[in-house]
Every structure is written in C-alpha cells, then in structure tokens.
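Structure first, commentary second.
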Amino acid sequence: MSTASRRAQLSVSDILYKLLFYSTLGMFLLMVLVPLILVISASFRPLVEIYATDVYLIPKEPTIQPWIDGYEDLKPNLLNSLYIATGTVTIALVVAIPGAYAYARTSFPWKKPLFYIIILSLLFPHVLLVIPITDLWYDFGLYNTLPGVWLGHQTFVVPFAIWIMRDFFQKMPSNLEEAAQIYGCTQWSAFVRVVLPLAKPAIIAVLFLAFLNGWNDFLFANMVTDSRGPQPAVVQLYQTINGGSGEATDWQLLMSESLIIGLPPVTLYLFARRYISEAFAVSAS
Amino acid sequence: MYQWDMSSSRDSQEISPAEQTQEPAHYIDINGLRKTFSNGTVVAVDDFNLDIEEDEFVVFLGPSGCGKTTTLRCISGLELPDEGEVILNGRDVTFDKPKDRDLAFVFQNITLFPHMTVRENIRFGLDMKTDLSKDEKKRKVEETAELLDIAETLDRQPTALSGGQQQRVSIGRAMVMEPTAFLLDEPFANLDANLRDRMQTEIKRLQRELGKSMIFVTHDQEEAMTLGDKIVIMEDGEIQQVGTPYEIYNQPKNLFIAKFIGSPSTNIFEGTAKINGEEIYIETDDFEVRLPNVRASEFAASNGDMVFLGIRPEYMHVVPKSEGIFNAEIDVKELHGEHDAIYFTVGETPFTVTEPQGQVQDTERVKGVDFDTDKIWLFNEREERIH
Ligand SMILES: Nc1ncnc2c1ncn2[C@@H]1O[C@H](COP(=O)(O)OP(=O)(O)O)[C@@H](O)[C@H]1O
Ligand SMILES: [Mg+2]
C-alpha cells in the first residue's frame with residue numbers, strides 16, 4: 001500500500017514537471033512563432049488590409065505584389081549582400097584555416113599570449129571600431145569598395161573562426177597526419193588529403209557564421225558604404241523603413257523584404273545544420 | 001594458400017650481382033642515436049646503437065616513458081634525431097622524409113582515416129606512392145585483407161569495426177606496401193587479453209611469412225618474450241641489454257633487467273660479500289649462503305663489498321621449518337598459472353617463491369626456505385651483474 005501511494009506521489013510531481021516543461025516550451029514557441037506568422041501574413045496583404053481594424057491571419061485577398069515589389073527594390077543590394085558575404089567567408093577561411101592549424105600543431109614564441117589577445121578581441125565592443133575604421137578606410141581608398149567591407153568584417157569573423165578551427169584541429173590526433181606521411185604524403189598533401197576532409201564540420205560551421213555575419217551586418221556596412229557603393233540589402237531595408245511614400249510606412253513591403261533577406265541564411269542553415277552541431281559537439285569522435 | 005609475392009618487389013629486381021657483393025653488413029643500422037625535447041632538458045633517447053638483420057623480429061622493451069616510441073619515430077622520420085644516423089639497407093636515411101624511407105608504421109592508438117572506407121585506407125599508400133593499375137591495386141588490397149581475415153569489412157567505414165579489426169586494417173595498410181621494415185608501436189596495448197594473445201601469434205606468423213624485419217615496441221615483458229628473436233631492453237632512453245629472450249631471462253646484465261623480466265619478479269636481497277680463503281659467502285641481515293662453483297680469485301668483488309643477491313622465485317623452495325637456509329613467514333599464497341606463488345617477508349625484505357600447485361600448505365605460517373645456490377646472481381653497488 002505504501003509503495004502504491006509513493007508511486008502516486010511520484011506521478012504527481014512527474015505531471016507537474018511535464019506541465020511546467022511544456023508550458024515553458026510553448027511560451028517560447030509563441031514568442032518566436034507569433035511575430036513570424038504575423039510578418040508572413042502581412043507580406044501577402046494588399047495595402048488596404050494592412051490597416052484593417054479586425055484581426056485575422058489569412059489575408060482576404062492575398063497578393064504576391066509586396067514580394068515582387070520588395071524583390072525589385074532589393075535586387076541590386078541582394079547581389080551586393082551576396083558579394084559581401086562570400087568575400088567575407090573566403091577571406092575568413094583563407095586566413096583562419098592555416099592560422100588555426102599552425103596554432104594547433106606548431107609552437108612559436110608568444111603563442112599563448114597571442115591566442116588570448118585573439119579571444120579578447122572577440123569581447124571588445126566592435127561598435128567602437130566602426131568610427132576609426134571608417135576613417136582609415138577613407139584614407140586607404142577602401143571606402144565604398146567591396147574589399148573595404150570584407151576586411152572590416154574580419155575584425156570579428158577571423159578571431160572567431162580561428163577559435164573554432166583551432167579547437168577542432170587540436171582534438172584531431174596528429175598521428176593521423178603522421179600515418180599519411182608514412183604512407184607517401186608530404187606535410188602539405190597530408191593536410192589536404194586527411195586534415196581538410198576531416199575538418200569539414202568546422203569549416204562549414206565557420207563558413208556559415210562568416211556568411212551570416214557578412215550577410216546580416218548593418219552597422220559596419222552602413223558606415224563604409226553609401227548608395228553609390230556596394231550597399232547590402234539590410235541597409236536598403238533600413239532605407240525602406242525611413243523612406244516609404246512619405247505619409248505612411250509600406251508595412252507589406254517591409255515584411256516581404258525582411259523575409260527575402262532572411263531566406264538565404266535560413267536555407268544555408270538547413271544545409272549546414274548537421275555539420276555545425278558536429279563542430280560544436282563536446283568530443284570530436 | 002596465400003603466397004607473399006616477394007619476387008615482384010623492387011629490391012630483388014634491381015640489385016645486380018655486383019651490388020650484392022657490397023651489401024651492407026646489416027639490414028638496419030642505428031648508430032649513436034640521440035634525441036632530446038624541450039631545448040635539451042628532456043633526453044628521450046641517448047647513445048642508441050643497434051643492428052637488425054633482414055628477417056629479424058626485434059622487440060623494444062621497457063617501462064613507459066623510457067624512449068621506445070621516440071626511437072621508433074626517429075627511425076621512421078617522424079622525428080629528426082639530435083645526433084646519430086639511421087641506415088636502411090645501406091642507405092643513410094637519417095634526414096629523409098618519412099615517405100621516402102619505405103617503412104611502415106603501426107601506431108598504438110588506431111590511426112585509420114575515418115573519412116575513408118577500409119578498402120581506401122589499405123589502398124592509401126599504393127595510391128600515394130605507386131602508379132600501379134587500378135586492378136592491380138584492387139588485387140593487392142584484397143589479398144592483404146584475405147590474409148588478415150578482414151576481407152568482409154573492406155567496404156565498411158573503420159569506425160564500424162571492432163578494435164581488433166581496426167588494428168588488422170592498420171597492419172594491412174602497412175603490409176600492402178611491402179616495406180623494407182615494419183615499425184609497430186604497442187599495437188595491441190588497447191586490446192583485451194584474449195585478442196592480444198591471438199594477434200601476437202598472428203603477427204609472429206606474418207613476420208615469418210613476409211621474412212621482413214619488424215621492430216615491435218611494448219612495455220609488456222611477456223609480450224616481448226613471446227615475440228622477439230632479439231629483445232632490446234631500454235630504460236631512461238638508454239639500451240640496457242640486447243639479447244635473445246633466453247639470454248635476457250637467464251643472463252640479465254643488471255639489476256633493473258633482473259627485476260623487470262619474469263613474473264613473479266626476481267627476488268633481491270641486500271648483503272655483503274665475505275671471502276674466506278677460496279670460499280665466498282654472501283651475508284645478509286637474515287641469512288648467509290655460500291656461492292658454489294666460483295673461486296675467490298676469479299670473483300669480481302672484494303671482502304666486505306656491498307652486493308645485491310638476486311634469485312628467481314622458481315629457484316627458491318619452501319621446506320619444513322628450520323630445514324632450509326633461513327625461516328620466514330608466509331604473507332599470502334596466490335595461484336599463478338600452473339604454480340602457486342607464495343609471498344614471504346624476512347626481516348624487511350619481501351620475496352616470492354613459486355611451487356607446483358597445492359604443494360605448500362599455509363596452515364603453518366612459518367616455513368624454511370632453501371635456494372638453488374648455483375642459480376644465484378650477484379650485482380655490485382652500480383647494479384651491474386658480477387656473477
Ligand atoms: N614531443 C615531446 N615533447 C616533450 N617530451 C617528449 C615528447 N615526446 C616524448 N617526450 C618525452 O620523452 C620521453 C620518452 O617518451 P616516449 O618515447 O614516448 O616513451 P615510451 O614510448 O617508451 O613510453 C618521456 O620522458 C616523454 O615525456
Ligand atoms: Mg610509447
């Protein structure tokens with residue numbers, strides 16, 4: 001009898017726990033999903049439905065006009081965003097892969113302090129860098145150029161990328177490269193044939209984060225470009241908010257443009273997801 | 001039955017009769033090897049000299065940290081020595097890249113390439129170093145896999161295999177290259193006991209079939225004794241003794257080897273030499289024995305010298321109380337293979353005696369202990385064997 005009542009007690013606390021768990025989960029979901037659903041809903045509405053007084057989710061006369069207008073509006077800037085993001089990714093990988101590998105496999109003077117500096121630079125408020133860099137870029141002739149934007153992003157992306165990659169290389173047993181060298185590889189070809197393929201998860205994680213940074217960054221791109229230069233889509237979105245037709249904000253346009261800008265990173269994430277979780281897993285194998 | 005195709009190997013084709021007459025004295029020659037780490041503060045290997053013949057199975061044996069791996073890495077080119085030379089088949093390879101040495105290396109922790117199938121792993125060296133046709137590579141890989149009993153795993157990923165299978169693949173990756181010599185660094189250390197025994201038998205058989213030298217590193221003296229034609233005992237980066245398993249077991253050069261080899265390990269008693277005319281006695285705090293078959297004039301110690309007396313457990317005997325050289329009390333009795341190992345303490349010195357199973361009853365704790373006095377070893381203060 002006593003065991004039965006204890007079991008009953010247990011199940012009460014079990015139920016309480018589950019209740020709490022699912023209600024918390026549900027709340028978070030609502031916080032994320034409700035705005036998203038509203039945005040999607042708004043992006044398919046004609047202007048008259050934007051300021052409708054009654055609340056409903058499915059537009060009465062759905063239209064894809066906001067998407068067409070939004071796309072037309074953003075087209076050149078989307079291309080700029082793509083150039084900026086790809087360039088940021090490429091430079092980050094070219095610098096971080098060999099750099100992180102050297103960190104993981106060789107010893108050189110000042111190795112440790114230098115690494116702490118790299119990590120510390122991540123904690124540095126990057127907003128503070130924007131003004132001096134803009135100033136410098138003017139002097140170097142990098143203002144309003146793609147390389148200017150690419151390089152600016154590296155201040156954050158490269159330290160981060162080196163951190164991730166170094167961790168990954170360190171976890172990889174060096175015996176693997178040595179085995180490759182025994183069976184016919186040079187140090188370089190062992191790196192290409194064995195290390196790089198095995199570092200795929202870390203490389204993809206870095207690629208994704210660098211892309212995200214390059215694609216989404218507003219602050220920096222806004223400072224070092226203007227409408228005559230390689231201005232990315234996020235900055236153009238900002239113009240849409242301010243600009244409009246003078247009297248009212250084009251909410252449907254704003255929403256569709258937000259979604260258009262959000263789509264590429266989301267798609268990329270879906271492809272990269274598997275690797276990203278692998279790269280950040282506690283142990284590599 | 002599989003036949004290893006030696007006739008097609010490069011070496012035998014290219015050596016002309018003229019060259020054969022000036023063949024090197026030894027297949028592998030290691031001279032004065034020295035390797036330090038951390039700016040010379042850690043001496044991993046020092047003054048290492050060794051000759052190895054073409055068909056020899058050599059075992060490097062020593063406690064962990066004694067420099068076995070470092071020596072092997074210097075031979076393979078994964079480390080460059082500070083001093084000394086490595087000569088393979090008459091060619092000085094001391095500073096050659098690992099890939100140019102024609103050696104195979106099997107690592108302690110398994111180093112298969114996880115992004116390749118077993119087949120691709122075994123084929124790796126052939127892909128990198130040879131320009132054999134696809135079919136020929138396939139044939140070699142499959143023959144090797146057949147020989148190592150891993151043919152059915154060829155198209156799996158290495159991570160899907162058991163530890164034993166993975167180490168076979170490592171050996172296969174080495175074998176398929178038909179290397180000058182095989183270097184194996186504690187390859188079976190991570191396998192369970194049964195599997196290890198089986199792999200030992202197989203690797204020995206394989207070495208005999210291939211007729212190529214193998215250098216096998218282990219810290220396990222039983223493994224070394226089972227496998228080696230020649231055992232190289234190392235301690236603190238230096239060679240202590242080189243010899244056949246019989247020599248190592250029966251004629252250890254120093255105290256370290258006497259204690260390290262054999263299980264249970266050799267008993268050591270501290271004492272002094274007493275010379276009385278032509279007769280030699282060893283006196284310890286607890287007993288005195290006379291050394292047979294040796295005359296004082298040929299004896300390497302003087303009266304009063306401090307010596308270590310060493311004797312293997314199998315050369316000591318338990319006899320009834322007061323009938324032996326001295327009496328001692330039994331601590332514990334353990335089954336040790338076909339023998340009982342009986343642990344005693346006399347004074348402060350623990351020692352062990354082995355007797356056939358069940359022969360000694362431990363109801364009465366105090367026993368007499370006797371020696372085969374002709375099996376006694378003596379070591380001087382510097383721990384070198386003098387008798
Ligand atoms: N890369 C290294 N850096 C510093 N010390 C090392 C390195 N490799 C080995 N050692 C040192 O050299 C000695 C011999 O090591 P090792 O050859 O691995 O011994 P074993 O294989 O016999 O266990 C040890 O004291 C070890 O700490
Ligand atoms: Mg070792």
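Just so we're on the same page: letters track the sequence lines, and every chain starts at 1.
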Examine whether an atom of [X] lies under 4.5 Å from a heavy atom of chain A, and if so say whether it belongs to the side chain, the backbone or both; otherwise answer neither.
{"X": "B/R101", "value": "neither"}
{"X": "B/L78", "value": "side chain"}
{"X": "B/L112", "value": "backbone"}

Heavy atoms only: give me the nearest [X]-[Y] pair and the separation to one decimal.
{"X": "A/S189", "Y": "B/M128", "value": "OG-CE, 4.1 Å"}
{"X": "A/L198", "Y": "B/H115", "value": "CD2-ND1, 3.5 Å"}
{"X": "B/F113", "Y": "A/L176", "value": "CE2-O, 3.3 Å"}
{"X": "B/R73", "Y": "A/N175", "value": "NH1-ND2, 4.2 Å"}

Check whether more than 12 heavy atoms from other residues, nucleotides or ligands sit under 6.0 Å from atom [atom1] of [X], and answer yes or no.
{"X": "A/Q187", "atom1": "CD", "result": "no"}
{"X": "A/F115", "atom1": "CZ", "result": "yes"}
{"X": "A/F218", "atom1": "CZ", "result": "yes"}
{"X": "B/D192", "atom1": "CG", "result": "yes"}
{"X": "A/F28", "atom1": "CZ", "result": "no"}
{"X": "B/K204", "atom1": "NZ", "result": "yes"}
{"X": "A/F124", "atom1": "CZ", "result": "yes"}

Counting heavy-atom pairs under 4.5 Å to chain A, which of B/A104, B/S76, B/G77 comes out on top?
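Max contact count across the listed options: B/A104.
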
Select, from A/A180, A/P197, A/P173, the one with the greatest count of heavy-atom pairs under 4.5 Å involving chain B.
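Ranked by contacts with chain B, first place is A/A180.
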
Could you tell me the separation between the CG atom of B/D100 and the CD atom of A/Q181, rounded to the nearest 0.5 Å?
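One finds 11.0 Å between CG of B/D100 and CD of A/Q181.
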
Is a side-chain donor or acceptor of A/Y183 paired with a backbone partner of B/F105 at a separation under 3.5 angstrom?
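Pair found, side chain donor or acceptor close to backbone of B/F105.
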
Of the backbone (N, CA, C, O) and the side chain (C-beta and beyond), which part of A/T186 lies under 4.5 Å from a heavy atom of chain B, both, or neither?
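Contact with chain B involves both backbone and side-chain atoms of A/T186.
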
Pairs where residues 147-164 of chain A contributes a residue and the test side chain to side chain donor-acceptor pair (under 3.5 Å) is met, not counting sequence neighbours
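Qualifying pairs, neighbours excluded: A/T88-A/H153, A/H153-A/D217.
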
